[in-house]
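Counting starts at 1 for both ligands and their atoms, in listed order.
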Amino acid sequence: MARKFYLTTPIYYVNDVPHIGHAYTTVLADVIARFHRMLGKDVFLLTGTDEHGQSVERAAQAKGLKPMELANQVVERFRGLWRTLGISHNDFIRTTEERHRRGVERLYQKILAKGDIYKDAYKGWYCTSCESFYPENQIVDGRCPDQGHKVDWTEEESYFFRLSKYQEPLLKHFADHREFVFPESRRNEVVSFVQSGLKDLSISRSSLTWGIPLPGDPKHVFYVWFDALSNYITALGYGSDRKNYARYWPADMHLVGKDIIRFHAVYWPAFLLSADEPLPRRVVAHGWWLRDALKISKSRGGTVDPVPLIEAFGVDPVRYFLLREMVFGQDANYSDEAFIDRVNTDLANDLGNLTSRALKMIEDYCGGKVPKTDPRFRGDEPLKKAAQDAVAGFVKDFEELDFSSGLARVWGFVGLLNRFIVQNEPWKLAQDPGRRWALGSVLYTVAEGLRIVAVLVAPVMPQSASGLWKRLGLSGDVTTASLAHIHWGELKPGRPIARGESLFPRIDKAEYLKDARAGKEARTDAAEATTGAPAPGPDAPPAPEAAAPVGAAGTAEIAIDEFGRVDLRTARIVAAERVQGADKLLKLTVDIGTGTRTIVAGIAARYAPESLVGKTIVVVANLRPAKLRGVVSQGMLLAASDASGQPYILTTEEPVPPGWKVK
Ligand code: MSP
């Protein structure tokens, strides 16, 4: 019997519609699922929606809807996007379903029976955006330590899970199963979190009604993470369908974003240990998609809607870009330019042109049928070997979750096929009756190489792989081909090819970017004031009203918490240069303690770039990025200015390291 492979995505909150970050997790899971199916495994891919909790309740209130009404609307957006993106999930679970409630209750009963639940009072901070409790010492300026969201003080009766009891068993599990958390950097993070001491976890809320009621005390609903994490077993029929549960549990891989690793690698295994259920084999965390150095999310940073991209360029270019551009585990930056360049270079130029050229020559010189090879032809030997290496390398990379490198290997092979055509000049062979025997061999080699490429790209670009398959005159479904049995020479001569339209049309970059640019530049050019401050964005706080109290310098007073919203940090200038075409601007590279950033400042009239390197300055670290003369400025430096507007930059009296808070 085929080996099973149970893979899950996080279940998505229905407080807002999906963006490209959610699309990434789900596409990635789909690629992994398709890859394992093509290795012959019995794959089960689960996704779904996380519909309870305070953030969903608040989002519904803000829209004047009941939480269930909001959930019913938003779940369709997720389902629709997954359909469009070709996600091949085997099940989609909603935490408001009856089957889920039953499973959650069952898990709770087992934990209760173990003696791991007690009632107490919870007093502390709660972050609704992260749906997470934080102790006092982790709160920074009224915000949560993980993502900087505003936290609320909470005091309520709660049921607690004895998480502290599982500190040592968890550490033992991490030591015995080094592969449990991946990548290594996340593993270290999780191990040190557990080593630093686990406190018991509040697993019920009594100030909230939007959740699953606790059996035995319906004044309480389950804490949303207890509810949500259980989906991984409730969807298999935990507590009701013993056979299906036994077939797929434990999960082979929980795929999550790095922001939710703690819930999956600490709380979830602790619940399972308590309930005497097997632990998942791996929790695998990917990085974040950023835009202008900020996480893409609805509450911070710009958001990227995948739908217009798919409408303009198709599903497969989006899937390819997501997998190729992000090195697994690390963060990656999204930009329209990077997307278009990647699609034009790899898809339109390299693979698309190769396919059109090869098929056109088969049409013109071989009557539109796959040609025969001649045994005298030896020029294909290096390519046969390269194909074998590409397949082996690709499979190994994908098994090790190194998708970007696996795809780079395939494109290395595509490059060899392109060079093979140039070196062998089939158009000349076609004119020379004495060498026509070699022509068929050359074109067969390219077509066979393309067949192998179609199989390799099928998990990532199933539609395009099928398109390429059909163009090569092949029957059957490439998405169910075996990756374990790819042999050179399986393409049968004599079958008619079907050239068709080009596989990946080129994107007109200038045309696509024109409108977006025009809008942005108009907004930011107006902001070239002395400090190079970006113009306020559309949702910047409104200007103080005239009637507001007036402070010492003649401006309206602000409350201390309004000042607290400005994240001032010390920073060290590591490089400085002029901005072309802008007399007043310097482009600074500054170290802000957690990494380097680019800041554009209007100080060129008083400071030579080289005089600034090494200086410690003060920057606004949480200013919305903006483009100044084509350079994205990710913050603003502080400077005093005299009556004529000459800037005098602020520095510290004594040397201090970068990243210190200024207040
Ligand atoms: N509901 C919880 C998960 C419960 S799982 C038992 C949740 N939902 S979420 O909708 O906020 O986010 C789900 C996942 O979306 C994140 O963990 C992450 O995988 C993905 N992403 C959200 N924003 C992202 C980026 N900007 N970049 C990459 N992935 C991101 O957390």
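Taking every heavy atom of both residues into account, T47 and I11 meet most closely at C-CG2, 4.3 Å.
The shortest N/O to N/O separation between T25 and ligand 1 falls below 3.5 Å. Looking at ligand 1, you won't find any N or O of I260 less than 3.5 Å from one of its N or O atoms. Polar contact with ligand 1: present for W289 (N/O pair, distance under 3.5 Å). For a threshold of 3.5 Å applied to N or O pairs, the pair formed by P10 and ligand 1 contains no separation below that value. For the pair W225 and ligand 1, the shortest N or O to N or O distance does not fall below 3.5 Å.
Checked against H254 for a ring pair (Phe, Tyr, Trp, His ring centres under 6.0 Å), the options Y6, F182, Y232 give a single hit: Y232. Residue Y238 forms a side chain to side chain donor-acceptor pair (under 3.5 Å) with just one option from H100, R106, E277, and that option is E277.
Note that R282 lies outside the cation-pi zone of F180, set by a 6.0 Å cut-off to the ring centre and a 45° limit from the axis. Both the sub-6.0 Å distance and the 45° axial angle are not jointly satisfied by R94 relative to the ring of F78. For the pair K258 and W288, the distance from NZ or CZ to the six-membered ring centre is under 6.0 Å and the angle to the ring normal is within 45 degrees.
Two residues are said to be in side-chain contact when any heavy atoms from C-beta on lie closer than 4.5 Å; F133 and W125 fail this criterion.
Here NZ of K199 is found 10.5 Å from CD of Q167. Values are rounded to the nearest 0.5 Å.
Proximity annotation for atom 21 (N) of ligand 1: of G21, G257, S297, G21 comes nearest, heavy atoms only.
Near A228, the atoms of ligand 1 lying under 4.0 angstrom from a non-hydrogen atom of the residue are 6 (C). If you number the atoms of ligand 1 from 1 as listed, the ones under 4.0 Å from a heavy atom of H19 come out as 22 (C), 23 (N), 24 (C). Listed by number with element, the atoms of ligand 1 under 4.0 angstrom from any heavy atom of Y232 are 5 (S), 6 (C). Less than 4.0 angstrom separates some heavy atom of H286 from each of these atoms of ligand 1: 19 (O), 28 (C), 29 (N). For ligand 1, the atoms lying closer than 4.0 Å to a non-hydrogen atom of W288 are 27 (N), 28 (C).
With a 4.0 Å cut-off on non-hydrogen atoms, D50 touches ligand 1 through its side chain and not its backbone. Counting heavy atoms closer than 4.0 Å to ligand 1, residue D259 contributes side-chain atoms (C-beta onward) but none from N, CA, C or O.
In this structure, E131 falls outside the shell of residues with a heavy atom less than 4.0 angstrom from ligand 1. Using a 4.0 angstrom heavy-atom cutoff, W268 does not count as in contact with ligand 1. A heavy-atom separation below 4.0 Å is found between H264 and ligand 1. Residue contacts with ligand 1 leave out F263, since none of its heavy atoms falls under 4.0 Å from the ligand. Using 4.0 Å as the threshold, G287 has a heavy atom nearer than that to some atom of ligand 1.
In summary, the aromatic rings of W225 and F263 are positioned with their centroids under 6.0 Å apart.
Between the side chains of R37 and S88, at least one donor N or O lies within less than 3.5 Å of an accepting N or O.
Ionic pairing of E156 and R205 is present here: one or more N-O contacts between side-chain nitrogen and carboxylate oxygen are shorter than 4.0 angstrom.
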